[in-house]
**Q** 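Pasting in a structure now, in structure tokens, and then I'll have a few things to ask.
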2 protein chains.
Amino acid sequence: MNLSPRIENFVLHCGEMGSRWGFNRTIGQMVALLVIHEQPLTANEIAESLKISRGNVSMGIKELQSWQLVKVTHIPGDRKEYYAPNGSIWDLANRVFEERRKREIDPTLSLLRDQILEGSESPEEEYAQNQIQTIHDLLETITKWSAELQRLSPEQLQTLMKLGSSVSKVIDLKDKLLKKS
Amino acid sequence: MNLSPRIENFVLHCGEMGSRWGFNRTIGQMVALLVIHEQPLTANEIAESLKISRGNVSMGIKELQSWQLVKVTHIPGDRKEYYAPNGSIWDLANRVFEERRKREIDPTLSLLRDQILEGSESPEEEYAQNQIQTIHDLLETITKWSAELQRLSPEQLQTLMKLGSSVSKVIDLKDKLLKKS
DNA sequence: CTAAAGTTTCAGTAATTATTGAAACTTTAA
DNA sequence: TTAAAGTTTCAATAATTACTGAAACTTTAG
């Protein structure tokens, strides 16, 4: 399994970006490789293509499954496991987005909720408590909004995204709508 | 500078989350501390509160400035530098969001653009090229959309966010609007 | 100009995170 | 039932990233 220079370029880049996207180099490379290949690949092919150990691939697959980014397929008469991306590019991006929300926002939201329940004891903590409330509200809004986006169909999302510079017009529109009813 | 248990709790949590938010533990703690304190703090106070070295604070401040998250203030007759959050919670979140877009999306977008220009040579690369195009389009849409959000006033953004479950209604509305005109 | 107050830098080291590879485990064809 | 094919686990180690603290640098009051 030798990669063409161009594909190798893409795969290596995704490896470098991997850690910024919430995983590590190997995993970034693995996603890239799977996405760019029409046919599913075996663990050995992945290891060979990326020049990494078989064990590393196994751990990577496991991680990618926890992100729901790969699926396993089989070829009749062949007992090897073949791996492929779990859905379209759009599906994958959505899952990464969702998973990151879980890791980056949810734990904090839950801590802040608890802290708000406790109330502020000393007057010195009054300001702190206020700031915590503000952060909490912000995170909650983001969470609700992102859940909302997840609920939209890809087509609706496309429409929304493509609204582009007319977003503010839509907001105005919504205001008018509210006033009428 | 001793922190109350509750504030310490918050600060430590932000430290743990720091790396998930795109920086490191120290920096997460520093932002938390600055945000929770009404008065600006000196570098020494920060070092003492967080029990970290003075040098580490200096590097942290530098990093926070590159994210545009802190501002420096002075007290007349005192030549020490005092640090405070650079704007409201909402401003800070916005900056983090923007900065992360720059680090996580822009480099890839630029690589993909180049790769698309090169075109696909072998037919074997045809599929790869297609996938790259799809990723490119997705990232470009996200970029445009996020620039759009940055342009909205906080109030407009609030309105948009609070649309919540009526987002899809607004999209339908927009469709109707388009058909009329 | 100079010394005191304050800040930054960076080489060395500590802490964390990723990777290998060999051994253990699992599955299946015969 | 067993041995060959395939997969997973995990202790050891490599690679990366973060932190300290002492020395160098900068600023300013007198």
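Residue numbering restarts at 1 for every chain, and letters A, B, ... go by the order of the sequence lines.
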**Q** Could you list the residues that satisfy salt bridge (charged side-chain N to carboxylate O under 4.0 Å, His left out) with B:Arg101, not counting sequence neighbours?
**A** B:Glu98, B:Asp106

**Q** Are B:Leu3 and B:Met17 co-members of a hydrophobic cluster defined by side-chain heavy atoms under 4.5 Å apart?
**A** yes

**Q** Less than 4.0 Å between a side-chain N and a carboxylate O, is that true for A:Glu104 and A:Arg100?
**A**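 Salt bridge: yes.
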
**Q** Grouping I, L, V, M, F, W and Y whenever their side-chain heavy atoms are under 4.5 Å apart, do A:Phe10 and A:Trp21 come out in a common cluster?
**A**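 A:Phe10 clusters together with A:Trp21.
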
**Q** Please determine if a side-chain N or O atom of A:Asn24 lies less than 4.0 Å away from the OP1 or OP2 oxygen of D:dT16.
**A** no

**Q** Salt bridge check, B:Glu99 against B:Arg103: does any charged N sit closer than 4.0 Å to a carboxylate O?
**A**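 Salt bridge flag = yes for B:Glu99 with B:Arg103.
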
**Q** Please report the distance, rounded to the nearest Å, between CD1 in A:Ile27 and P in C:dT17.
**A** 14 Å

**Q** Atom CZ of A:Arg25 to atom C1' of D:dA15: distance rounded to whole Å?
**A** 8 Å

**Q** What is the distance from CZ of B:Arg79 to P of C:dA4, rounded to the nearest Å?
**A**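 The distance from CZ of B:Arg79 to P of C:dA4 comes to 12 Å, rounded to the nearest Å.
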
**Q** Can you tell me the distance, in whole Å, between the CZ atom of A:Arg20 and the P atom of D:dT16?
**A**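 Rounded to the whole Å, the gap is 15 Å.
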
**Q** Roughly, in whole Å, what's the span from CD in B:Glu16 to C1' in D:dA18?
**A** 14 Å

**Q** State plainly whether the residues A:Lys71 and A:Glu81 are in salt-bridge range, i.e. N to O under 4.0 Å.
**A** no

**Q** Can you check the B:Asp78 CG to D:dA29 P distance for me, whole Å?
**A** 11 Å

**Q** Mind calculating the distance between CD1 (B:Ile75) and C1' (C:dA5) to the nearest angstrom?
**A** 16 Å

**Q** Which ones in residues 39-70 of chain B lie close to DNA chain D, meaning a heavy atom under 4.0 Å from one of its atoms?
**A** B:Ile52, B:Ser53, B:Gly55, B:Asn56, B:Met59

